[in-house]
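Computed from a predicted structure; not experimentally measured.
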Amino acid sequence: MGYGKNLKEALNEKKMTVRELSRRSNVSATTLYSIIDRDTAVRFDWALRIANILEIPINSICKENPYEGADEEILPGLLSELNGLTTKTNIKSYLKNRTLPILLAAGYQEMPNIDRLLVTYCSITDEGRKQLFDYLDFLSTTHKDADRAAEMKRIGKV
């Protein structure tokens with residue numbers, strides 16, 4: 001079964017029309033109909049939005065890795081950027097499709113450190129967050145582990 005067929009099947013299971021998905025995902029209905037009719041893959045950024053809305057695994061409609069060959073990682077857009085449509089379900093889908101694979105790659109032994117990092121991040125000011133990311137950018141240029149970086153790019157494939 002192709003990507004377009006998978007998308008059509010997911011729409012049918014959710015009893016959702018292409019027009020409703022278009023409105024909620026900010027992907028044109030014409031594009032969605034084309035994906036379904038031609039049974040083609042969905043662009044990654046669109047696939048992430050669609051997968052979050054339909055609560056399906058992103059790899060059922062997209063297998064392309066947008067990070068492959070890129071020097072810099074391009075993070076997928078959040079649904080909050082799409083007319084404020086973020087819901088608990090969308091957040092859970094984003095975590096499942098993007099964040100969970102990254103956490104699993106870090107390994108169980110690193111979970112307390114990651115938890116501490118997240119708590120600290122949520123506790124500091126906006127200026128502190130900016131400085132943290134500036135420092136992380138610096139560290140990634142001086143202490144990058146090529147194997148780990150390759151694994152993170154592979155995970156972008158989801």
Checklist entry - Which distance, rounded to the nearest 0.5 Å, do you find between the CD1 of Ile53 and the CE of Met16? => result 7.0 Å
Checklist outcome for this item: Heavy-atom closest pair (Asn26 atom, Arg49 atom, distance to 0.1 Å) is O-NH1, 3.5 Å
Next on the checklist: Could you work out, with salt bridge (Lys or Arg N to Asp or Glu O under 4.0 Å) as the rule, every residue matching Asp137, not counting sequence neighbours?
Outcome noted: none
Item to check | Flag, side chain of Thr120 to backbone of Arg116, donor-acceptor distance under 3.5 Å | outcome: yes
Checklist outcome for this item: When every non-hydrogen atom of Ile58 is compared with those of Ala51, the smallest separation belongs to CA-CB, 3.8 Å
Checklist entry - Can you name the closest pair of heavy atoms from Ser28 and Ser22 and give their distance? => result C-OG, 3.5 Å
Checklist entry - Does any non-hydrogen side-chain atom of Phe138 lie less than 4.5 Å from one of His143? => result no
Item to check | Close side-chain approach of Leu11 to Leu54, heavy-atom, < 4.5 Å | outcome: yes
Checklist outcome for this item: Heavy atoms of Arg19 and Ala29 approach each other most closely as NH1-CB, 3.6 Å
Next on the checklist: Let me confirm one number: the CG-CG distance from Leu7 to Asn12, rounded to the nearest 0.5 Å.
Outcome noted: 9.5 Å
Checklist outcome for this item: Here the gap from Asp134 atom CG to Leu132 atom CG, rounded to the nearest 0.5 Å, amounts to 9.0 Å
Item to check | Spacing of Glu127 atom CD and Gln131 atom CD [to the nearest 0.5 Å] | outcome: 4.5 Å
Checklist outcome for this item: Scanning both residues in full, the closest heavy-atom pair of Tyr121 with Arg129 reads O-NE, 3.0 Å
Checklist entry - Which heavy atom of Pro101 sits nearest a heavy atom of Leu95, and at what distance? => result CD-O, 4.2 Å
Checklist outcome for this item: The reported gap from CE in Met152 to CG in Asp145 (rounded to nearest 0.5 angstrom) is 10.0 Å
Checklist entry - Under 3.5 Å, is there a donor-acceptor pair between the side chain of Asn52 and the main chain of Leu48? => result yes
Checklist outcome for this item: Between the CD1 atom in Ile61 and the CD1 atom in Ile50, the distance rounded to the nearest 0.5 Å is 5.0 Å
Checklist entry - Hey, is CZ on Arg38 packed in by over 12 heavy atoms from elsewhere, all under 6.0 Å? => result no
